[in-house]
Amino acid sequence: MGSRSGDQLDWLRRIRPGGAECGEAVGGMIRSIESRLGRATTRAGRAESAWAEVGAPRFPGCRAQLAGGGVLVLGVPNASVRFRLDGWLRAGGLVALREASGGVIGRARVR
C-alpha cells in the first residue's frame with residue numbers, strides 16, 4: 001500500500017499547478033499582509049496615544065478613523081459636537097496632535 005500512496009503523491013505533484021512555487025508565493029503574500037498590518041497597528045497606536053497625550057476634551061459620540069495619508073477622520077453625531085470639535089482643532093488641537101503623533105496625523109477631517 002505504501003507504493004500506491006507514493007504513486008498518488010507523485011501524480012498529485014505533477015498535476016498541481018505551481019508546485020512548490022505556489023506555496024512560496026502564498027507565503028510571500030502572507031508576510032506582506034502581516035507587515036502592512038503591523039505598520040497600520042503601530043500608526044493607529046501612535047494616533048490614539050497622541051489623542052490621550054494632548055488632553056483632548058471628550059466629544060460624546062465621536063468616532064475616529066486613521067485614513068491613508070495621515071488623515072484623521074472624525075465622525076460626529078450632530079452639529080453641536082461638530083462645532084466644538086472643529087473649534088478645538090482650530091485653536092491648536094490639530095497642531096498638538098501632529099506633534100504628539102510624530103507625524104502620523106497630518107490633518108483632520110470632521111464629518
Side-chain angles (χ1 to χ4, degrees):
M1 189 169 224
S3 65
R4 182 175 177 169
S5 296
D7 292 342
Q8 289 174 343
L9 189 56
D10 289 338
W11 178 75
L12 285 172
R13 285 183 180 142
R14 280 195 312 269
I15 66 164
R16 185 174 125 202
E21 300 87 34
C22 183
E24 292 170 7
V26 170
M29 287 174 36
I30 290 172
R31 284 189 294 279
S32 173
I33 291 168
E34 285 176 336
S35 174
R36 285 185 286 165
L37 183 59
R39 285 191 303 268
T41 302
T42 300
R43 291 180 67 236
R46 279 197 209 157
E48 183 179 5
S49 63
W51 188 268
E53 183 181 322
V54 299
R58 290 264 187 222
F59 296 102
C62 184
R63 298 171 322 278
Q65 176 184 1
L66 190 58
V71 179
L72 182 63
V73 180
L74 300 160
V76 294
N78 56 47
S80 173
V81 174
R82 179 185 178 97
F83 179 79
R84 291 186 346 192
L85 178 57
D86 187 57
W88 180 79
L89 289 168
R90 290 174 189 267
L94 180 57
V95 173
L97 284 172
R98 281 182 187 144
E99 291 172 358
S101 71
V104 170
I105 298 172
R107 60 189 184 104
R109 181 180 301 150
V110 182
R111 289 186 176 176

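Side chains included, hydrogens not; waters and symmetry mates left out as well; all remaining heavy atoms used.
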Looking only at heavy atoms, what is the nearest atom pair of [X] and [Y], with distance?
| X | Y | answer |
| --- | --- | --- |
| Ala108 | Leu74 | CB-CD1, 4.4 Å |
| Arg82 | Val110 | NH1-O, 2.9 Å |
| Pro57 | Trp51 | O-CZ2, 4.4 Å |
| Cys62 | Pro77 | N-CD, 4.3 Å |
| Val71 | Arg109 | CG1-CB, 4.3 Å |
| Val81 | Pro60 | CG2-O, 3.8 Å |

N/O donor-acceptor pair under 3.5 Å between [X] side chain and [Y] backbone:
| X | Y | value |
| --- | --- | --- |
| Ser49 | Gly45 | yes |
| Arg98 | Ile105 | no |
| Arg84 | Phe59 | no |

(request) List in chain and number order the residues that pass salt bridge (charged side-chain N to carboxylate O under 4.0 Å, His left out) with Arg90, two or more places apart in sequence or in another chain; answer none if no residue qualifies. (result)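 Once residues adjacent in sequence are excluded, the partners of Arg90 under the salt bridge (charged side-chain N to carboxylate O under 4.0 Å, His left out) criterion are Asp86.
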(request) Report the C-alpha separation of Leu97 and Leu89 in whole Å, then their side-chain angles, then the decisive distance to 0.1 Å, and conclude whether the side-chain contact (heavy atoms from CB on, under 4.5 Å) test is met. (result) CA-CA 9 Å; Leu97 284 172; Leu89 289 168; 4.2 Å; yes
(message) Could you check whether Arg46 and Thr42, counting side-chain N and O atoms only, form a donor-acceptor pair closer than 3.5 Å?
(response) no
